[in-house]
Asker: 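This is the structure I have questions about; it appears just below.
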Amino acid sequence: MTSNAATARNRTGSTWTQKGALLFGVVFLIVGVAGFIPGLTMDMGSMSMAGHGSMALLLGLFQVSVLHNIVHLLFGIVGLAAARSARGARLYLVVGGIVYAVLFVYGLFTAGMADPANFVPLNSADNVLHAFLAVAMIVLGFVLPRVGARTR
């Protein structure tokens with residue numbers, strides 16, 4: 001019986017925590033791909049590898065660059081890989097949330113600035129989204145494992 005429970009926790013999406021990591025991973029992959037699609041990303045011609053000079057806007061709102069899109073793709077791949085285990089999924093959500101909290105604080109000082117420090121690049125819409133992602137991922141990283149524990 002113990003081995004069945006362990007096996008269930010190691011299948012992608014078998015716990016609420018794994019489903020949460022899987023959802024975030026898929027969304028990050030979609031956002032990363034969308035950042036390279038004309039029509040979904042406005043001013044594609046101004047997209048640069050990195051830096052504040054990239055004026056490309058995903059959905060006409062979020063400032064993106066090639067680097068920014070690649071980071072979203074990598075974050076999505078990590079989310080899919082982390083979703084393979086309950087522990088990995090929880091770690092992805094909590095650490096990923098912390099990364100987004102740090103990115104939010106970084107954005108408070110650099111968003112919208114024409115400064116080399118704004119290398120990601122970020123604007124105020126990105127900053128609001130990063131704050132939301134930080135809170136959502138950290139909260140889910142702590143709440144979802146408890147939800148799964150109660151249903152067993």
Side-chain angles (χ1 to χ4, degrees), residues 9-10 12-149:
R9 283 191 299 271
N10 290 329
T12 300
S14 61
T15 68
W16 283 105
T17 310
Q18 289 171 277
K19 289 174 185 174
L22 184 63
L23 175 66
F24 275 95
V26 168
V27 169
F28 281 119
L29 282 174
I30 291 169
V31 168
V33 169
F36 291 113
I37 299 176
L40 292 176
T41 301
M42 312 313 165
D43 299 322
M44 287 285 295
S46 73
M47 184 183 290
S48 62
M49 182 61 185
H52 62 84
S54 182
M55 292 293 119
L57 297 173
L58 178 60
L59 303 176
L61 192 60
F62 304 102
Q63 192 173 4
V64 293
S65 66
V66 173
L67 174 64
H68 204 151
N69 292 333
I70 290 171
V71 169
H72 286 138
L73 291 169
L74 292 174
F75 220 75
I77 291 167
V78 171
L80 296 182
R84 296 185 68 197
S85 75
R87 183 174 179 213
R90 181 175 186 270
L91 189 64
Y92 170 76
L93 291 170
V94 173
V95 172
I98 292 169
V99 168
Y100 271 97
V102 168
L103 195 53
F104 166 71
V105 172
Y106 165 76
L108 289 175
F109 297 100
T110 63
M113 293 179 52
D115 186 297
N118 189 11
F119 67 92
V120 173
L122 300 171
N123 63 14
S124 57
D126 288 305
N127 223 27
V128 170
L129 181 59
H130 293 158
F132 171 78
L133 287 170
V135 171
M137 291 179 81
I138 291 169
V139 167
L140 290 175
F142 285 110
V143 170
L144 289 178
R146 292 188 184 117
V147 170

Asker: Of all heavy-atom pairs between S65 and M49, which one has the smallest distance, and what is that distance?
Answerer: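 It is OG-O, 3.5 Å.
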Asker: List the residues meeting side chain to side chain contact (heavy atoms under 4.5 Å, CB included) with A131, not counting sequence neighbours, and say none if there are none.
Answerer: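 Expected list: F104.
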Asker: Backbone N or O of N123 within a donor-acceptor pair of the D126 side chain at under 3.5 Å?
Answerer: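 Judged by distance alone, yes, a pair lies under 3.5 Å.
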Asker: Which of these passes side-chain contact (heavy atoms from CB on, under 4.5 Å) with H130: L103, V105, V135?
Answerer: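 Passing option: L103.
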Asker: List the atom of T17, the atom of L144, and the distance in Å for their closest heavy-atom pair.
Answerer: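 Distance-wise, the nearest heavy atoms are OG1-C, 3.5 Å.
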Asker: Do any N or O atoms from the side chain of T41 and from the backbone of M44 form a donor-acceptor pair under 3.5 angstrom?
Answerer: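 No: the side chain of T41 does not pair with the backbone of M44.
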Asker: Which atom pairs, donor and acceptor, lie under 3.5 Å between side-chain atoms of residues 20-37 and protein residues at least two apart or in another chain?
Answerer:
none

Asker: Quick check: closest heavy atoms across A89 and Q18, and the distance to 0.1 Å?
Answerer: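 Looking at all heavy atoms of both residues, the closest pair is CB-CA, 3.6 Å.
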Asker: So, taking the atom named CG in L58 and the one named CG in D43, what distance separates them when rounded to the nearest 0.5 Å?
Answerer: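 The CG atom of D43 is 12.5 Å from CG of L58, to the nearest 0.5 Å.
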Asker: Identify each donor-acceptor pair in which a side-chain atom of residues 90-97 lies under 3.5 Å from a protein atom, sequence neighbours left out, and give them as a table.
Answerer:
residue	atom	partner	partner atom	Å
R90	NE	G141	O	3.2
Y92	OH	F75	O	3.1

Asker: Side chains of N69 and M47: does their closest heavy-atom pair fall under 4.5 Å?
Answerer: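 Sidechains of M47 and N69: in contact.
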Asker: For the atom pair CD1 (I138) and CD1 (I98), what is the distance rounded to the nearest 0.5 Å?
Answerer: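 So the CD1 of I138 and the CD1 of I98 are separated by 5.5 Å.
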Asker: Got a second to check how far H72's NE2 is from L67's CG, nearest 0.5 Å?
Answerer: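 If I round to the nearest 0.5 Å, the distance is 10.0 Å.
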Asker: My understanding is that only residues two or more places apart in sequence, or in another chain, count here; which of them pass side chain to side chain contact (heavy atoms under 4.5 Å, CB included) with V128?
Answerer: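 Listed in chain order: nothing, the list is empty.
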Asker: Hey, could you give me the CG/OH distance between L129 and Y100, rounded to the nearest 0.5 Å?
Answerer: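 One finds 7.5 Å between CG of L129 and OH of Y100.
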